[in-house]
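Please read the structure below before turning to the comments.
For ligands, and for the atoms within them, numbers begin at 1 and follow the listed sequence. Computed over heavy atoms, backbone and side chain alike; hydrogens, waters and symmetry mates excluded. We count residues from 1, following the sequence as given.
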Amino acid sequence: MSLKRISRLLMASLLLISAVAFSARAQNGYSRDASQPVDDEYTKKIREYTTETFFNSPLTDYLPASPNVPTPKVVLGDVAGSPGKLPYAEDVYRYMRLLEKASPRVKVFSIGSTEEGREMIAVAIASESLLARMEENRARLTKLGDPRMINFDEAEADRLVAQSFPIYYITGTIHSVETGAPTALMELAYRLAVDESPYIKSIRDNMVTLITPVVEVDGRNRMVDVYNWHLAHPNENWPPLLYWGHYVAHDNNRDAMGLSLKLTRNIMKVYLDWKPIVLHDLHESVPYLYDNTIGDGPYNAWVDPILTDEWQMIGWKNVSEMTKFGMPGVFTHGTFDTWSPGYLMFIAATHNGISRLYETFGNAGADTLVRTLSPDEYSRTWYRQNPPLPRAKWSQRNNNNYEQTALLISLDYFNKNSKLFLKNFYLKSKRSIEKPKNEGPAAYVFPGDDPRLGNQATLLRVLQAQGCEIDRATAPFTVSVRKKKSDSGNGKPASASSPSSTAKAAPSPAAKPSDTEARTFPAGSYIVRMDQPYSRIADALLDYQYWSPKDPQQDVYDDTGWTFGELGNVQVARVTDVKVLSAAMERVNGEVRSPGAVNGSGSIYIVNHNADNNLITLRYRLRKATFEAAEEPFEVAGKKFNRGSFIIRNASADELNRVVSELGLQAVAVTQPPTVKAHAIRVPRVAILHTWLSTQDEGWWRLAFDQMQVPFDYISTQDVARDADLNRKYDVIVFGPVGRGINAIIQGLPMYGNAIPWKRTDLTPNMGGFGSTDDIRPGLGWSGIANLQNFVKRGGVFIGTMDTADLAVSTGFTPGVSIQRSQRLKAIGDVLRTKFVDSTSPIAYGYGDSLSIYCFNGPVFNISNLAGGGGGGRRRGRDTDRPTGRGTLEDPDVVQGRPPAEVPEPPPNSEVWEAASISEEQRRNLVGLIPPALRPRVVLRYADTRELLVSGLLDGGDEIAQHAAVIDSPLERGHVVLFSNNPFWRGQTAGSYFLVFNAILNFDNLNAGRKVDEK
Ligand SMILES: [Zn+2]
């Protein structure tokens, strides 16, 4: 076949395809306004950068022309999605503001700033008349969102629905390596402002499209730097995006529960203020467009079924319309499960709106590339009947076509059904308020006598930021709650009443009266009523989660448990008795704060250690004062103080008063110090250590340290490798989880090819700053291991968790500790119960008998009295089975032909979290026997199998049950503190923070209270 003939055939098929597309357009109601001129030059470029005609649709294969409104080209110098062009956030904003200037249909709002001070914006697009009526419309939407305001009057609701216009909120590029959304949204904004196609005109005239083109602004600018570096060094390997936001990377989309990041807070505030019906977040991963909204089971158990039906309606419409346009690779369902409410879009799902999410296909930059897919990506399956192509040239423009086409289809469908969705918004809000009389509970109560009022206030402030109303009891009240189990084992001091067992017990709506008992809560208790519009998010956060190991979904997408009261070490009672709603109470205006005061008189101040996180802030704020920690509980002025309580001297009374009141702490002033053994609490010098492999997980540690105002140096494994005298600078080195394993931590990246810098230059102004290197490839290395080990031997404290604990164990920092590789354990982001084994350890100060922690599959620690390991503890009863032989189960076997031999007494059993005792045989030559004072000291262990799970999915839990969770392992003059749990996770684990803070504050006295084994 001649070339000419091939090209003729191609031409014919192209014409055919565009004819099909054109008729599809008309057929589907997306016809164009024939009189509107087209921007031919721009349109030509769209077609040039689209690699196959079927990678575009009739909705976006042209650009309408406008005499006075500039196209994205004015800022980009080319069309949206053009190769080699990634705009910085500021360029995107400049364009949006040019649009605003040129068109009365566009308004730009500043919605806050990022951790690094960059602006976030939202762009509203609608007809001039709608934009002028935004405020009066907001008042109507507020009433629909809170039916209490109209006394649940259905007729009034229908009137409001008829008068109101909805807001559809689109958010782009929260994930910074997913680069396409900003240009797609620039062009979409232009189209919505100028296109006269009847369907777009109708969208503009009947609803507001709200767009935040860049959610993760700090990360976007760093990503553009990385891409520009790549363009400037075309034949070299380029840096991975090591930092996205200031703190975390991918997890910026797991913050909708804890609300720790500014981007989440800013979007949340827009959501609460503007009452959009939809929050639609744009992502990039799988080819070519996965509308993951519908996802797979299990669905989040607290959302309204009305919502899950809406997911299906909008999602399937999207797939169906794009299928008609002949665009391959558009599908829904897929692998995303909808259990966790931590995603940004879920702000809408948990607040009576509609969450939506696209994954389109991106090239992590603006290069046009041939992309070869794996069979699981291109195979046909029941939910993907027109799958992506196994191999295709793919451009950023293709990605922009898919994103915009899909969004226009969604906006059109939403617009055509807007009254339905407005009414559903009202219904979902109403059903949220009706929770007490339907599914329950009636309220969650935070008792006024919780021993940790500081952590309690922190959790209540999260709920306030979620938009929840909080009330406070003005008098004691009594309600019926489910009876406590005798062995509560629920992370609370044994002496305290145990509301979380109440919470555990209360859910059954069919609870018999005999299962319940009266409980009186004191005045000052906080009440989160469930008859409020945002009851669902409070319920989702405070309730318990159960994911059956037998669930058909075996491919879990994210964490499975998060119960906020448990992870915050805060008492929360789930109350189904509706009487709670008539208790005397008043609404809390302003943020919940724990009361701070100094009582008594004298120049010595006593502050109880209750593991409230503000205690570490107090130490660092009063740097010049002398602090001591009591090593035993004591009483002063008729008040009981826990082990670890602060005895403060040489403090300025004014300053102490101010700080105590600001932090919400209680201090008692006395003239005579208590007679109790105490040790100094200095002001430790802390370093947080990071790799150049991944900074995602340690970011949550930095965030918490910054929140609690704990100063630290931020150092890399390369700094440690170079510094043979770390003790000169630091007392404590904290190494959060890396998630890449110990080999990678030591070796770093392979040294092939070019150096890969991460630093601020003219070309990359947003990189570096708080972490820089000329070459990210070298790792910790053996010199780093040696330097770290010497740091500990000379008296430093090293804190390792998960794989960085593994690093310390595997490289000989912790004689007597070993890690057992688990075979069956499935603890996928769970809340698990732990028990304190040694409450005299400073690491346990302020805690009760047990604690709920966050665990992701361990590691599983074993303890031995012999260096190099050798047997952990043994479960009692494990050796009861007798071997095969004569007689019954209780009888001894008898060897034939000789008198029976005397069987020696078996060695005493030890617990799983303990070291086994040394056998007679081992005792003969004690090479490796660890001197008693240097043996690992277990502070915290996992609970027994039967009570291990608090929330989430747990299978094979017996593999980790009873094993040590937190270990203080001495090494010469210093200590290594090992964590099997992750104490700093997504701003959700405030109850575990003080395990680490205690280790820091008591770095030079971790042996306090230690009982040394005689043998
Ligand atoms: Zn993403």
Sorted by first residue and then second, give each salt bridge (Lys or Arg N to Asp or Glu O under 4.0 Å) pair with at least one member in residues 169-187; sequence neighbours left out.
->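 Output for this query lists Glu187-Arg191, Glu187-Arg397.
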Determine which pairs satisfy salt bridge (Lys or Arg N to Asp or Glu O under 4.0 Å) with at least one residue from residues 215-233, sequence neighbours left out, and list them in order.
->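 Listed by first then second residue: Glu116-Arg222, Arg118-Asp218.
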Thr405 side chain to Ser57 side chain, donor-acceptor N/O pair below 3.5 angstrom |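 The answer is yes; a qualifying pair exists.
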Output yes when a side-chain donor or acceptor of Asn401 lies under 3.5 Å from a complementary backbone atom of Phe55, and no otherwise.
->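 Indeed, once roles are kept as given, a pair shorter than 3.5 Å links the two residues.
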Check: Asp78 main-chain N/O paired with Ser82 side-chain donor or acceptor under 3.5 Å =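 No, because the side chain of Ser82 does not come within donor-acceptor range (under 3.5 Å) of the backbone of Asp78.
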Tell me, which protein N/O/S atoms are under 2.8 Å away from the Zn ion (ligand 1)?
->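 N, O, S partners closer than 2.8 Å: His175 ND1, Glu178 OE1, Glu178 OE2, His283 ND1.
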Partner residues of Gln545 under the side chain to side chain contact (heavy atoms under 4.5 Å, CB included) criterion, sequence neighbours left out |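 By the side chain to side chain contact (heavy atoms under 4.5 Å, CB included) rule, Gln545 matches Trp302, Trp339, Trp562, Thr563, Ser951.
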